[in-house]
Amino acid sequence: MWRVGTVVALHDETATARTITLKVSDWTGHLAGQHVDVRLTASDGYSAVRSYSIASAPNSETRIELTVERLRDGEVSPYLTQELAVGDRLELRGPIGGWFVWRTQQTEPIQLVAGGSGIVPLMAMIRSRVSACSAASFRLLYSVREPGAVLYRDELEALSDHDHSVSVTYAYTRVAPKDWPRPPGRIDAALIANTTWPSNLAPTCYVCGPTSFVETATGLLSASGNSSDKIRTERFGPTGDRQ
Amino acid sequence: MSSHTYDYLDGNAAAGELSKIFAMDVTAAKGQCAHCGATKRFAEAHLYMLGPGVVARCAVCEHVLLRLVNVRQRVFLDVRGMTYLSLDAAQLEASSDLDA
Ligand SMILES: Cc1cc2nc3c(=O)[nH]c(=O)nc-3n(C[C@H](O)[C@H](O)[C@H](O)COP(=O)(O)OP(=O)(O)OC[C@H]3O[C@@H](n4cnc5c(N)ncnc54)[C@H](O)[C@@H]3O)c2cc1C
Ligand SMILES: [Zn+2]
């Protein structure tokens with residue numbers, strides 16, 4: 001059940017987040033939105049398991065990318081973002097999950113709502129849409145601490161401004177760029193009303209991020225008329241307090 | 001475990017642990033709560049991680065649906081809280097095609 005992945009590349013996305021490319025020779029493919037469990041085992045036998053979403057689009061290669069945000073006092077994420085080196089091996093279980101996924105056959109409008117590192121599985125969906133040449137209309141509302149914490153910034157910019165594959169709205173919670181129209185703050189009803197698909201188009205919504213963020217976003221989407229069976233969630237854990 | 005409201009994850013986060021037992025993905029399966037009768041995807045359950053295992057609770061009434069506990073070399077699975085779990089065989093085949 002556990003497979004071994006070898007680190008073939010490391011890329012810093014921001015000051016605190018790193019993308020890890022793994023070569024998994026017996027990888028059999030995945031769906032956008034799925035995750036893997038990563039197991040680290042110390043020499044004394046103690047082991048820790050954490051889940052990480054797959055950032056890369058489904059493809060026929062035996063490589064996957066994970067993007068890990070470092071939590072200062074965390075047990076696993078500091079290791080993955082600071083100590084792991086090219087050539088190291090990681091134990092993996094997955095791909096996991098058949099509900100929080102976007103399949104290329106889906107044609108309805110898609111509303112993605114990300115809080116912080118919750119962008120990771122949603123990015124896999126955006127990348128999957130691009131690589132499958134899907135015509136599904138994607139919107140992304142991305143809530144992030146400050147401009148410097150945005151993951152995949154250049155790629156998102158290229159896909160939204162030039163390619164029109166996805167329309168992106170940023171919402172900054174702590175620090176916004178100069179002249180940004182909206183003061184920094186948590187997402188609210190006005191933002192949902194102005195930037196997400198109207199609920200009468202019956203979009204499928206994918207909400208991902210720290211648990212408290214997912215809670216807030218789901219509440220706002222429901223209040224604006226989206227039915228709960230059109231809202232799929234992926235909670236990353238109690239990391240919202242620092243977001 | 002603190003009783004903080006935001007302590008839980010989605011049923012999806014247990015899928016790796018449950019893959020020890022179930023050959024098929026359970027997150028898209030529909031389960032009926034034995035307490036309140038709500039029928040929801042397992043992915044929608046509220047999931048609490050414990051040291052030795054996981055507890056999934058009904059998203060509507062918070063009653064326990066499933067408990068999985070690892071004790072040394074044994075895995076205990078308690079599914080009393082669910083009347084049934086129904087799996088979409090067609091979707092499972094489709095996803096296992098992609099996974100195959
Ligand atoms: C399905 C799923 C997919 C995920 N995908 C990703 C992903 O793609 N990228 C990613 O970076 N993470 C992802 N996560 C989160 C990841 O699994 C870990 O929880 C995260 O990396 C922290 O692990 P850690 O060992 O560093 O911290 P831990 O050692 O687990 O945390 C230490 C302690 O601090 C608490 N804590 C954690 N964060 C905070 C915080 N910010 N403020 C206050 N207290 C805190 C914890 O409750 C814990 O008690 C995902 C989680 C799930 C369930
Ligand atoms: Zn119930």
Side-chain angles (χ1 to χ4, degrees), chain A residues 1-2 26-39 47-53 58-60 91-101 103-105 118 121 128 206-216 218 228-241 243, chain B residues 1-31 38-54 56 59-60 68 70 72 75 85 87-100:
Chain A
M1 174 164 78
W2 292 93
D26 57 348
W27 192 250
T28 50
H30 64 275
L31 299 168
Q34 287 187 306
H35 66 275
V36 292
D37 287 346
V38 172
R39 179 165 72 181
S47 73
V49 178
R50 295 288 183 277
S51 300
Y52 291 99
S53 303
N59 56 35
S60 52
E91 278 187 296
L92 304 175
R93 179 167 66 190
I96 296 165
W99 178 241
F100 193 81
V101 295
R103 291 182 161 82
T104 53
Q105 303 91 297
S128 177
Y206 295 87
V207 183
C208 185
T211 298
S212 59
F213 173 85
V214 171
E215 216 59 40
T216 306
T218 312
S228 67
D229 57 1
K230 299 291 286 177
I231 307 175
R232 302 185 187 197
T233 56
E234 180 93 290
R235 290 170 174 82
F236 274 9
T239 55
D241 308 334
Q243 203 230 330
Chain B
M1 281 268 331
S2 88
S3 58
H4 193 279
T5 335
Y6 295 143
D7 263 354
Y8 64 86
L9 302 171
D10 302 278
N12 203 19
E17 272 300 282
L18 291 170
S19 73
K20 286 180 184 168
I21 296 168
F22 296 99
M24 304 192 284
D25 170 63
V26 296
T27 63
K30 289 180 183 167
T39 304
K40 291 199 154 268
R41 304 279 177 172
F42 186 74
E44 295 174 276
H46 293 175
L47 188 85
Y48 298 81
M49 304 293 251
L50 304 173
V54 298
V60 177
L68 182 155
N70 298 290
R72 286 183 226 99
V75 182
L85 191 63
L87 301 121
D88 177 350
Q91 177 156 353
L92 285 163
E93 265 163 40
S95 70
S96 62
D97 279 346
L98 286 158
D99 294 348

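Each chain gets a letter, A, B and so on, in the order the sequences are listed, and its residues count up from 1.
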Sole residue of B/Asp7, B/Leu9, B/Asp10 in side-chain contact (heavy atoms from CB on, under 4.5 Å) with A/Thr211: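 That would be B/Leu9.
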
How close do [X] and [Y] get, heavy atom to heavy atom, and via which atoms?
| X | Y | value |
| --- | --- | --- |
| B/Ala13 | A/Ser51 | O-OG, 4.5 Å |
| B/Ala28 | A/Gly98 | CB-O, 3.8 Å |
| A/Gly97 | B/Asp25 | CA-OD1, 3.6 Å |
| B/Asn12 | A/Glu234 | ND2-OE1, 2.7 Å |

I want to check something: taking the side chain as every heavy atom from C-beta on, are B/Arg41 and A/Phe100 in contact at a cut-off of under 4.5 Å?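 Not in contact.
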
For the atom pair NE2 (B/His46) and CZ (A/Arg235), what is the distance rounded to the nearest 0.5 Å?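 The NE2 atom of B/His46 sits 5.5 Å away from the CZ atom of A/Arg235.
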
Neighbour count >12 (heavy atoms, 6.0 Å) for atom NZ, A/Lys230: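 It does: A/Lys230 NZ has more than 12 such atoms within range.
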
Which of the residues B/Ser19, B/Gly16, B/Ala43, B/Ala29 is involved in the greatest number of heavy-atom pairs with chain A at under 4.5 angstrom?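 Highest number of heavy-atom pairs under 4.5 Å: B/Gly16.
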
